[in-house]
Undergrad: 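Quick one: structure below, then a few questions.
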Amino acid sequence: MPLARFNKVKLGALPTPLEPLDALTRLLGGPRLFVKRDDCTGLATGGNKTRKLEYLIADALAQKCDVVLTAGGLQSNHCRQTAAAAAKFGLKCELFLEAVDGVPAGQEYTTNGNILLDRLLGATIHKLAANTDREGAMIHRAEAIRSDGGQPYIVPVGGSNGLGALGYVACAHELLQQCRDQGVQPDYIMLPTGSCGTQAGMLAGLVAGDSDITVIGVNVSAEEAAQKERLQPVLTECCDLVEVPVPDESRIICDDRFYPPGYGIPNDGTLEAVRLLARNEGLLLDPVYTGKCMAGLIERVRNGVFAKDDTVVFLHTGGSSALFAYKGIF
Ligand SMILES: *Cc1c(COP(=O)(O)O)cnc(C)c1O
């Protein structure tokens, strides 16, 4: 796999563990369940953006940039990890945090969790109203920085372009190696999908590794058609970078049944999944991404979608720092 020719910096404590979920497997009486612990990447409470940022920060440094701009929702895990990565490499960081409609917007949501950490990590915060053009706001600010003699680098929302997705090509490679070492043969990988870099990189990495494991993306913010449209350019760009064919339609699964009523708004299944994993596995999920993905996994097991002897790997993409922002609903 031609990953070695891309620059990267070290941000993550890698490889992350691949662990059995024995208690959950027993409880659900279903397929063999494992968790890939990308919540343990180590960067300022960890998560999936760490792997993408290894490539993106390297690119910013190669371009001699001195300030990193990125955007997300008010409780963005991506923004928090970007702030940490920038701090580690002596770069300034400006975050564009958009209000999210319909979230339980108590004081905790606007001051605790990831936003507390963003401030602690030294990022400058620009607050945006809901449904603002975030890219436009960043481009506008980048021009101002440039005219003041600075060198801005815009990290796309979620770190999701082809370059960022290379982090999940590397993760696929790492996971396949761990599976060989541990004698685990996954039939499915389940992961939450938002800005799509994780799903795109994982798919490209599996193609590169000659693996036909089925990737099930569980949408967190869009209906199926819109999510697939979002995925396509990231997947194409990533596959081009690693020189593998773009996987065909049949391998692209974006399940939109678990995110309503909307991004960042947990439903009953989300809360059940977060509680179930906490109490039976001592594992902290989050109310925005992994809780919804786990609800999708649980529903599939209960409805007999998986065979008893199937093996399913749940990709834990992090996010538990947001729990503190959702205190009211727990
Ligand atoms: C960003 C994020 C995701 C979604 O990953 P994408 O690459 O944006 O699709 C999933 N889980 C957590 C915890 C995240 O922060």
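In listed order, ligands and their atoms are each counted from 1.
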Undergrad: Clusters formed by hydrophobic residues whose side-chain heavy atoms approach within less than 4.5 Å: which one holds Val67, and what are its other members?
TA: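 Its cluster mates, by chain and number, are Leu69, Phe96, Leu128, Met138, Ile139, Ile145, Ile154.
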
Undergrad: Could you tell me which residues satisfy salt bridge (charged side-chain N to carboxylate O under 4.0 Å, His left out) with Asp118, sequence neighbours excluded, listed by chain and number?
TA: none

Undergrad: For the aromatic rings, using the six-membered ring if either is Trp, is the centroid distance between Phe34 and Phe314 under 6.0 Å?
TA: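 Centroid separation for Phe34 and Phe314: 6.0 Å or greater.
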
Undergrad: Pairs in or reaching into residues 200-212: which pass side-chain hydrogen bond (donor to acceptor under 3.5 Å, both in side chains), with residues at least two apart or in two chains?
TA: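 For residues 200-212: none.
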
Undergrad: Please say whether more than 12 non-hydrogen atoms of neighbouring residues, nucleotides or ligands are located less than 6.0 Å from NZ in Lys10.
TA: yes

Undergrad: Please tabulate, one line per pair, the protein N or O atoms found under 3.5 Å from any N or O atom of ligand 1, giving the distance to one decimal.
TA:
residue  : atom   : partner : partner atom : Å
ligand 1 : 5 (O)  : Asn48   : ND2          : 3.0
ligand 1 : 5 (O)  : Thr198  : OG1          : 3.3
ligand 1 : 7 (O)  : Lys52   : NZ           : 2.6
ligand 1 : 7 (O)  : Gly197  : N            : 3.3
ligand 1 : 7 (O)  : Thr198  : N            : 2.9
ligand 1 : 7 (O)  : Thr198  : OG1          : 2.7
ligand 1 : 8 (O)  : Ser195  : N            : 2.9
ligand 1 : 8 (O)  : Ser195  : OG           : 2.5
ligand 1 : 9 (O)  : Gly194  : N            : 2.7
ligand 1 : 9 (O)  : Ser195  : N            : 3.2
ligand 1 : 9 (O)  : Cys196  : N            : 2.8
ligand 1 : 11 (N) : Thr317  : OG1          : 2.6
ligand 1 : 15 (O) : Lys49   : NZ           : 3.0
ligand 1 : 15 (O) : Asn77   : ND2          : 3.0

Undergrad: Can you tell me how far apart CD1 (Ile329) and OG1 (Thr270) are? Round to the nearest 0.5 Å.
TA: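 Nearest 0.5 Å value for the CD1-OG1 distance: 8.5 Å.
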
